[in-house]
Amino acid sequence: FSRMRDLHRTMIRQRDHIAKNNERLLQEQKVAKHVFDNVAHSGCLDAENIRYLMSSLAVFNGDVLLAAMRPSGNMIVLLGDFTGHGLPAAIGAMPLASTFYSMVAKGFSMTDILAELNAKLKAILPVGIFCCAVVMDINYRKKRVKIWNGGLPDCFVLHHRDRRVSTVKSTH
């Protein structure tokens, strides 16, 4: 009975220790998610012409959706996916988002933005963690969209006028 009592006390201590650690981790995730959301979702995802659904299994993941208006009135949209799962996959989203929003606001071209994003992520991320993405530069005045696809499966464009579907293959 003495041994069972000691085992029970040990189990209770371990349970309480695990519960305390879990509570601390949940609080850390809550703070990190708040910071992450403020950085990664500071663009114009609530614009009338954007409708999206992101349904992930974890608080942090490698899925990224960014949208911002350039000074010219064009909208740049980036849909990306980092390799891996959980926090390691999401860690690259913060420098990606801050660089993206900063460069779009300053009017940089899509080519310059992509080159800078690639250089920044290559410099800070470990080997094996990378981001596949599709980026669209939407010109409302000319009614044109420039699309760059790097590493994602084919994208599809539905043409409003004739309901034709075009395929945009990954070329990078």
Side-chain angles (χ1 to χ4, degrees), residues 33-172:
K33 182 172 178 10
H34 179 77
V35 172
F36 180 83
D37 287 345
N38 284 340
V39 171
H41 302 132
S42 62
C44 59
L45 290 177
D46 57 350
E48 271 185 37
N49 63 323
I50 296 180
R51 287 185 297 277
Y52 66 95
L53 171 67
M54 291 183 77
S55 176
S56 61
L57 295 174
V59 172
F60 292 105
N61 60 73
D63 301 333
V64 180
L65 178 61
L66 310 172
M69 298 299 291
R70 291 175 43 177
S72 65
N74 290 12
M75 178 183 279
I76 305 262
V77 179
L78 182 148
L79 173 65
D81 186 15
F82 281 89
T83 54
H85 301 285
L87 191 55
I91 204 78
M94 294 198 39
L96 177 89
S98 63
T99 303
F100 173 84
Y101 288 129
S102 172
M103 291 187 76
V104 170
K106 293 175 184 167
F108 281 93
S109 70
M110 185 170 77
T111 304
D112 291 339
I113 293 168
L114 286 165
E116 182 62 25
L117 290 174
N118 186 54
K120 174 142 324 206
L121 293 177
K122 185 178 178 191
I124 65 172
L125 293 178
V127 172
I129 302 286
F130 57 89
C131 183
C132 298
V134 62
V135 179
M136 296 161 278
D137 186 350
I138 305 166
N139 186 323
Y140 296 105
R141 286 191 308 269
K142 294 181 180 179
K143 296 185 180 181
R144 290 195 181 151
V145 178
K146 186 189 303 184
I147 302 173
W148 178 93
N149 185 355
L152 285 180
D154 294 349
C155 296
F156 301 99
V157 177
L158 174 63
H159 299 268
H160 180 69
R161 195 171 299 145
D162 58 6
R163 310 301 285 174
R164 184 174 42 93
V165 176
S166 299
T167 303
V168 179
K169 294 192 176 299
S170 175
T171 54
H172 304 280

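Scope of the values below: all heavy atoms of this structure, side chains included, with no hydrogens, waters or symmetry mates. Not measured: the values here are computed from a predicted model.
Contacts of Asp137 classified as side chain to side chain contact (heavy atoms under 4.5 Å, CB included), with partners at least two apart in sequence or in another chain: Arg70, Asn74, Ile76, Met110, Lys146. Listed by chain and number, the residues in a salt bridge (charged side-chain N to carboxylate O under 4.0 Å, His left out) with Arg164 are Asp162 (sequence neighbours excluded). Checked against side chain to side chain contact (heavy atoms under 4.5 Å, CB included), Lys143 has no partners two or more places apart in sequence or in another chain. With sequence neighbours excluded, no residue satisfies salt bridge (charged side-chain N to carboxylate O under 4.0 Å, His left out) with Lys142.
Between the side chain of Thr167 and the backbone N or O of Asp154 there is no donor-acceptor pair closer than 3.5 Å. Listed for the Thr83 side chain is a donor-acceptor partner under 3.5 Å among the backbone atoms of Phe130.
With a 4.5 Å cut-off on side-chain heavy atoms, Val145 and Val157 do not count as touching. When side chains are defined from C-beta on, Val134 does not count as touching Val168, because their heavy atoms never get closer than 4.5 Å. Val77 has its side chain within reach of Leu65: a pair of non-hydrogen atoms, C-beta onward, lies under 4.5 Å apart. Using a 4.5 Å heavy-atom cutoff, the side chains of Leu158 and Arg163 are in contact.
The two atoms that bring Ser170 and Leu152 nearest to each other are CB-O, 3.4 Å, heavy atoms only. Shown here for Tyr101 and Ala68, the closest heavy-atom pair between the two residues is CD2-CB, 3.7 Å.
Between the CG atom in Leu96 and the CG atom in Leu66 there is a gap of 5.5 Å [rounded to 0.5 Å]. Interatomic distance, Cys131 SG to Leu78 CG, rounded to the nearest 0.5 Å: 6.5 Å. The NZ atom of Lys169 sits 10.0 Å away from atom CG of Asn149, with the distance rounded to the nearest 0.5 Å. Between atom CZ of residue Phe100 and atom CD1 of residue Ile113 there is a gap of 6.0 Å, rounded to the nearest 0.5 Å.
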Atom pairs and distances, donor-acceptor, side-chain atoms in residues 117-126, under 3.5 Å, two or more places apart:
none

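The ring-ring contact (aromatic ring centres under 6.0 Å, His included) analysis of residues 143-172, with sequence neighbours excluded, yields the pairs Trp148-His172.
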